[in-house]
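Beneath this line is the structure, given in structure tokens, with notes to follow.
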Amino acid sequence: MTASTAQTTMSDGTKGLVVRGLTTTFDTTRGLAIAAADVDFDVAPGEVVGLVGESGSGKSVTLRSIMRLIREPGKVSGRVEWGGRDLVAMPAEELRKVRGGEIAMIFQEPMTALNPVLPIGVQIEENLKAHTGLTGSQRRARALELMNIVGIPAAERRLDEYPHQFSGGMRQRAMIAIALACSPKLLLADEPTTALDVTIQDQILKLLLDLRDRLAMSVVLVTHDLGVVAATCDRMAVMYAGRIVETGTVAEVFARPHHPYTRGLLGSVPRSGHSRTMLQSIDGTPPSLTALPQGCAFHPRCSFATEICRTDRPPLDLIGAGRRVACHHHEEVAAAEPIL
Amino acid sequence: MPLFSFVIRRLLQMIPTVIFILIVTFVLVRMLPGDPASAMLGDRARDADVNRINHELGLDRPLIVQFFYFAERIATGDLGNSIGLKVSVLSLIMDRLPVTLMLTALSAVIALALAVPLAFVAAFKREKLADSVIRGTFQVGLSMPVFYVGIILLTVFAAQLKLFPVGGYGTTLPDKLYHLFLPALTLALSFSAVLMRNLRASIINVMNAEYVDFATAKGLKSRVILLRHILRNALISTVTLFGLQIGTLFGGAVITETVFAVPGAGRLLIDSIYGRDYPVLQGLTISLAILVSLTFLLTDIIQAWLDPRIAR
Amino acid sequence: MISLATTTRTVLRGRKLPRSLIGGGLILVISLVMAIWPTLFAPYDPNLFDYNALLAPPSWDHPFGTDSFGRDVLSRVIHAYTIDMQIAIFATVGPFVIGTLVGAFIGYVGGFWEALFGRLVDATVTFPFLVLVIAIVSVLGPGLGNMYVAVGIVGWVFYARLVASEIKVQKRLDYADAGRVMGYTPMRIVFRHLLPNAITPAIVYWMTDMALAILLGSSLGYLGLGAQPPAAEWGVQIADGKNFMNTAWWISVFPGVAIVLTGLGFSLAGDGVAELLRVRR
């Protein structure tokens with residue numbers, strides 16, 4: 001295979017998203033805050049990857065860094081490869097075409113992410129206008145089609161309505177319709193169901209999976225809810241204090257967590273069939289991003305911690321096919337008796 | 001049509017305000033030293049004549065009755081006659097008010113033309129040199145009295161450089177605008193400072209809103225993000241301020257018209273004070289107050305159009 | 001119960017004073033000193049006619065030049081501090097006190113009085129402030145005293161509005177309930193407990209208002225409705241010099257610079273106070 005054919009296969013998006021060494025820092029008055037450090041992960045075409053962690057673990061920052069939505073004084077370094085190009089170093093106009101066209105993003109709170117003073121229809125159509133050559137009436141027709149795809153009834157009328165006239169679930173559907181207007185190949189979803197009622201959460205997740213199949217797109221789903229990961233994702237990456245500490249398929253990670261933090265997270269999720277056991281929570285609080293502990297950032301809260309954890313930060317080691325963990329004692333953790 | 005019913009509701013709300021305006025003016029007129037009859041007839045009027053005039057004007061009736069007469073006359077457009085100029089106050093005002101309206105409109109346009117782009121620059125270069133220079137300049141502009149700015153502009157651009165006329169008013173529209181440019185600029189300087197300050201804060205606020213991130217993530221062109229998403233939302237609060245500042249703008253017009261000898265309503269107001277021409281003073285006060293409340297109505301409508309959440 | 005003095009102390013402790021407050025405060029202190037002891041700074045009698053030096057340009061003898069009567073412009077600018085600082089204080093202190101008291105009452109009782117006050121506010125903001133003040137002054141007659149009355153008649157409304165809305169917020173907080181439960185009289189609750197916490201926005205507005213008062217006072221002076229000639233007042237001085245702008249610009253320009261400087265002092269100090277107090281909120 002020649003270099004040029006390799007190039008074409010990549011721009012087809014067959015390689016998906018490759019994130020390497022993504023680091024995001026904020027220069028604050030209290031010192032340098034490292035919000036995301038050395039983040040590596042891949043997303044294959046059609047795959048749904050979950051990014052899991054407590055709030056402040058850097059999962060949302062990672063997502064925003066991929067889209068270059070980090071504002072001053074934030075700084076992003078590393079590489080984000082998409083179709084053979086590096087999003088981090090890409091010129092602004094080229095990046096603009098990728099945003100919304102090839103990669104789309106949805107946010108946690110549709111009430112604040114939707115522009116309150118523009119009708120939903122306008123917010124869909126401006127996306128089409130930025131990335132396609134469709135005429136006005138074609139854009140309107142496509143907007144109508146999108147509203148139907150995401151399951152908003154009375155679409156014709158609702159196109160002219162404003163976000164405040166929609167219910168919470170409908171608003172999230174509208175935001176998905178806006179994001180998916182140009183049939184992107186990758187969807188970055190930042191806690192898309194957190195602000196919703198449980199029943200509606202389920203509907204939105206089903207919708208996302210359904211759209212993934214229909215549009216053959218990949219999804220990166222940021223969430224703190226392991227239940228959501230179990231229900232929707234193929235693979236997952238667990239983040240703690242700005243770093244990925246464990247990756248693998250959802251089945252593997254859930255069955256045998258290798259990192260004490262993952263183990264702790266799983267212990268705090270209620271599971272069917274074990275309703276009698278106590279829910280465990282992780283002792284302590286996440287560290288401040290401006291004053292990370294020496295060594296492994298998790299050691300102050302870890303029951304497996306030894307001397308080496310206090311001095312050396314464990315690397316993210318490969319322990320199986322597509323399975324990585326950053327813990328000095330991961331074998332011990334994996335061998336420990338199941339928490340449930 | 002939520003906007004339509006909003007306008008109707010808003011119009012109805014104006015009724016108590018107008019009644020209040022009339023009460024205040026009525027009280028103000030009753031506070032005048034001496035009675036109108038003596039003012040009309042001069043100091044050497046005979047008592048019989050004074051009584052006759054007082055009776056004709058209904059001034060011997062109870063105050064509340066007088067007020068209804070007063071309100072009725074004003075409702076029919078009868079503002080009385082000017083003592084000094086011997087013409088009806090209404091025709092005087094109709095003659096002069098359009099000049100002031102054009103002056104204030106022109107200065108509002110200039111103020112917006114200055115404030116909007118500079119607010120953007122200041123907001124995007126926040127805490128940098130450009131921001132400090134812009135804010136510092138406007139802060140000085142805000143501390144300058146209108147008449148002082150007027151005199152300096154008049155001396156530099158009209159008297160010395162001869163770029164503009166030293167005063168007066170033209171006949172054709174371009175000529176009028178040419179005559180009004182310096183006075184309008186004078187008024188616009190402090191007005192734009194107020195607007196700029198508010199708009200800058202508002203833009204900074206909106207820039208951090210998540211819908212701007214979403215718009216960026218949609219890959220919109222920066223012009224669309226700036227105008228449709230940032231400016232439109234930022235203007236909502238500035239429009240309110242714009243309305244609240246209209247009164248100040250009219251007040252400034254009184255002074256500017258005096259400095260630049262513009263034959264407008266403000267100039268008429270000062271003349272009526274020096275000439276103790278109370279019917280004109282009263283008519284002008286009422287007209288200006290009603291004009292301001294109409295501007296409030298207008299800015300409310302613009303705001304409801306900018307922000308659909310209001311007109312519900 | 002936190003009194004204003006202690007909150008100010010808590011705010012001040014361990015915090016850098018905002019630069020705007022230091023700069024503005026410095027200008028105001030100098031202005032006040034000149035206002036109280038103008039003779040210490042002014043080289044000449046402000047009303048001394050010198051027919052040998054009519055319209056003299058700035059020189060070592062007369063740094064700001066002389067006016068059409070040969071009066072020293074610098075001395076007049078310095079002496080004008082007395083009147084203009086007096087305007088800043090006298091024109092605002094009445095509205096501040098009255099507005100705060102009325103606002104506290106309205107905010108506390110609410111109901112009918114609040115509704116009535118709302119209408120009054122609507123009507124007041126409809127009258128262009130300057131037009132209303134000019135109209136009242138023309139009725140009462142020109143002069144500083146009548147100007148204070150005119151500003152007072154209108155100005156208290158803005159303070160009352162600020163204080164009333166703040167009192168309404170404070171009233172809902174727990175410590176007001178605690179006061180009621182302990183059987184304090186409404187007077188005591190409002191004045192000892194609510195007002196000290198609700199007065200901050202009014203104080204910040206007061207600073208801006210003093211800058212506005214100087215602008216208003218000099219504008220009326222310029223129009224001949226405020227301080228009366230031959231008083232040394234910046235607006236009056238600018239009016240004196242306006243016909244000589246092409247030949248003797250210094251008569252009008254220097255008093256204007258004094259207005260701008262003093263106005264800057266007040267607005268900087270206002271910004272500084274706002275910044276200082278915002279920290280607490």
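Heavy-atom basis, side chains included; hydrogens, waters and symmetry copies ignored. Just so it is clear: chains get the letters A, B, ... in the order the sequence lines come, proteins before strands, and each one is counted from 1.
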Given the options [options], which has more heavy-atom pairs under 4.5 Å with chain B than any of the others?
{"options": "A/P184, A/C182, A/A130, A/P116", "result": "A/P116"}
{"options": "A/A104, A/A92, A/A113, A/P163", "result": "A/A113"}
{"options": "A/V122, A/L188, A/T112, A/I106", "result": "A/T112"}
{"options": "A/R68, A/K97, A/R71, A/M105", "result": "A/R71"}

Item to check | Verdict with reasoning, A/E145 to A/R142, per salt bridge (charged side-chain N to carboxylate O under 4.0 Å, His left out) | outcome: CA-CA 5 Å; A/E145 183 189 333; A/R142 170 70 178 152; 3.3 Å; yes
Checklist entry - Is it the side chain or the backbone of B/L306 that comes within 4.5 Å of chain A heavy atoms, both, or neither? => result backbone
Checklist entry - Does any heavy atom of chain A fall under 4.5 Å from the side chain of B/A217, the backbone, both, or neither of them? => result both
[X] portion near chain B, given a 4.5 angstrom heavy-atom threshold:
{"X": "A/L118", "result": "side chain"}
{"X": "A/M67", "result": "side chain"}
{"X": "A/R64", "result": "side chain"}

I'd like to know if the side chain of [X] pairs up with that of [Y] as donor and acceptor (distance under 3.5 Å, no hydrogens or angles considered).
{"X": "B/T100", "Y": "B/E257", "result": "yes"}
{"X": "A/E191", "Y": "A/H224", "result": "yes"}
{"X": "A/Q138", "Y": "A/T135", "result": "yes"}

Item to check | Candidate pair A/R99 and A/E94, rule salt bridge (charged side-chain N to carboxylate O under 4.0 Å, His left out), full reasoning | outcome: CA-CA 9 Å; A/R99 284 170 173 166; A/E94 206 180 329; over 6 Å; no
Checklist entry - For A/F166, is the NZ or CZ atom of A/R158 found under 6.0 angstrom from the centre of its six-membered ring and inside 45 degrees of the ring axis? => result yes
Checklist entry - Hey, does A/M111 have a side-chain heavy atom less than 4.5 Å from the side chain of A/H164? => result yes
